[in-house]
Amino acid sequence: MKQYLIISILLVGSHLTVAQTISGQAFAEQTVMGFQKGYGLRYQTSKGLGIGVLFQSNGKLSMETADGNYPFYGIETILPITSCNNMRFFISPKIGFVNQDFLVLIPQVETEIKVTNSLSVGITTGLRARQSSAGGKVILHL
């Protein structure tokens, strides 16, 4: 329910400013918990600042997964570091719940490469349970 509320706020808020982007993303990440895949929705301003919601899991991409799949759902913030031509670099920490019980903070950095006006690819690296994680994502700018 919280996720639907956050998504609704993002969609309504996107119409209040002129220079913004709403993006859908699909990603895969290798973590200490195993290979996880997920999806998300983010809102970004023209300066690169943003916020988004996401879900990732080892198993099926559904909220009704077993605890062994380590489902993670939460919020990510996007803070720009620098940009160069079609590449942008961000600090993108995530905060959310694992197994609907444990609140975790995941520090992460992201490199985004713009392929076309509506498509980007990204490479991420971060810390998950005090172990390094690495992943890739496809971002569709709506």
Side-chain angles (χ1 to χ4, degrees), residues 1-14 16-17 19-142:
M1 183 65 186
K2 292 177 189 176
Q3 295 158 335
Y4 298 118
L5 179 62
I6 292 170
I7 290 171
S8 298
I9 291 170
L10 287 173
L11 290 174
V12 170
S14 69
L16 300 177
T17 60
Q20 79 283 333
T21 303
I22 294 182
S23 304
Q25 57 185 345
F27 55 89
E29 185 175 18
Q30 180 63 43
T31 69
V32 68
M33 286 88 171
F35 185 74
Q36 294 192 322
K37 51 196 172 288
Y39 54 88
L41 184 68
R42 72 162 72 161
Y43 164 81
Q44 273 181 285
T45 65
S46 62
K47 302 282 185 187
L49 291 172
I51 189 165
V53 293
L54 58 97
F55 174 75
Q56 72 184 58
S57 174
N58 289 24
K60 297 177 184 174
L61 293 179
S62 164
M63 295 300 286
E64 289 109 22
T65 57
D67 287 348
N69 290 333
Y70 304 104
F72 172 80
Y73 58 95
I75 298 172
E76 71 175 336
T77 56
I78 297 95
L79 306 166
I81 299 172
T82 188
S83 64
C84 175
N85 294 332
N86 291 337
M87 293 178 66
R88 299 192 303 178
F89 302 93
F90 301 100
I91 296 173
S92 58
K94 300 185 238 182
I95 188 167
F97 290 96
V98 173
N99 291 339
Q100 300 182 6
D101 292 325
F102 305 104
L103 181 66
V104 296
L105 173 65
I106 303 169
Q108 184 171 290
V109 293
E110 178 180 328
T111 302
E112 181 182 326
I113 303 166
K114 194 167 210 166
V115 179
T116 67
N117 284 336
S118 61
L119 181 70
S120 297
V121 294
I123 300 167
T124 62
T125 185
L127 287 176
R128 195 75 196 264
R130 291 183 269 163
Q131 301 289 325
S132 63
S133 65
K137 60 174 59 177
V138 175
I139 304 164
L140 181 63
H141 305 285
L142 307 174

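Not measured: the values here are computed from a predicted model.
Atom OG of Ser57 sits about 6.5 Å away from atom CD of Gln36, to the nearest 0.5 Å. The OH atom of Tyr70 sits 7.5 Å away from the CG atom of Asn99 when rounded to the nearest 0.5 Å.
Every side-chain contact (heavy atoms from CB on, under 4.5 Å) that Leu105 has, sequence neighbours left out, goes to Pro93, Ile95. The side-chain contact (heavy atoms from CB on, under 4.5 Å) search around Phe35 returns Ala28, Gln30, not counting sequence neighbours. Applying the salt bridge (charged side-chain N to carboxylate O under 4.0 Å, His left out) rule to Arg128 yields no partners; only residues at least two apart in sequence or on another chain are considered.
Identified under the salt bridge (charged side-chain N to carboxylate O under 4.0 Å, His left out) test for residues 70-80, with sequence neighbours left out: Arg42-Glu76.
A 4.5 Å side-chain heavy-atom check between Phe97 and Tyr73 finds at least one atom pair inside the cut-off. Residues Tyr43 and Thr21 form no side-chain contact, since every pair of their non-hydrogen atoms from C-beta on lies 4.5 Å or further apart. Side chains of Glu112 and Phe90 form a contact here, defined as non-hydrogen atoms less than 4.5 Å apart. Side chains of Thr124 and Val109 form no contact here, defined as non-hydrogen atoms less than 4.5 Å apart.
Between Ala129 and Val32 the shortest heavy-atom distance is CB-CG1, 3.7 Å.
At distances below 3.5 Å, at least one donor-acceptor pair connects side-chain atoms of Asn58 with backbone N or O atoms of Met33.
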What's the verdict on side-chain contact (heavy atoms from CB on, under 4.5 Å) for Lys47 and Gln20, showing C-alpha distance, side-chain angles and the deciding distance?
CA-CA 9 Å; Lys47 302 282 185 187; Gln20 79 283 333; over 6 Å; no
Given the rule in the side-chain contact (heavy atoms from CB on, under 4.5 Å) test, do Ile106 and Phe72 qualify, once you have shown the distances and angles that lead to the verdict?
CA-CA 11 Å; Ile106 303 169; Phe72 172 80; 3.9 Å; yes
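Side-chain contact, Gln56 with Lys94: a donor N or O sits under 3.5 Å from an acceptor N or O.
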Side chains of residues 77-84: which donor-acceptor partners sit under 3.5 Å, not counting sequence neighbours?
none

Counting only pairs under 3.5 Å, give me each side-chain donor-acceptor contact of residues 130-142, with atom names and distances, residues two or more places apart or in other chains.
{"from": "Ser133", "atom 1": "OG", "to": "Glu29", "atom 2": "OE2", "distance (Å)": "3.0"}
{"from": "Ser133", "atom 1": "OG", "to": "Gly126", "atom 2": "O", "distance (Å)": "3.4"}
{"from": "Lys137", "atom 1": "NZ", "to": "Gln25", "atom 2": "OE1", "distance (Å)": "2.9"}
{"from": "Lys137", "atom 1": "NZ", "to": "Glu110", "atom 2": "OE1", "distance (Å)": "3.3"}
{"from": "His141", "atom 1": "ND1", "to": "Ser23", "atom 2": "OG", "distance (Å)": "3.0"}
{"from": "His141", "atom 1": "NE2", "to": "Ser120", "atom 2": "OG", "distance (Å)": "2.8"}

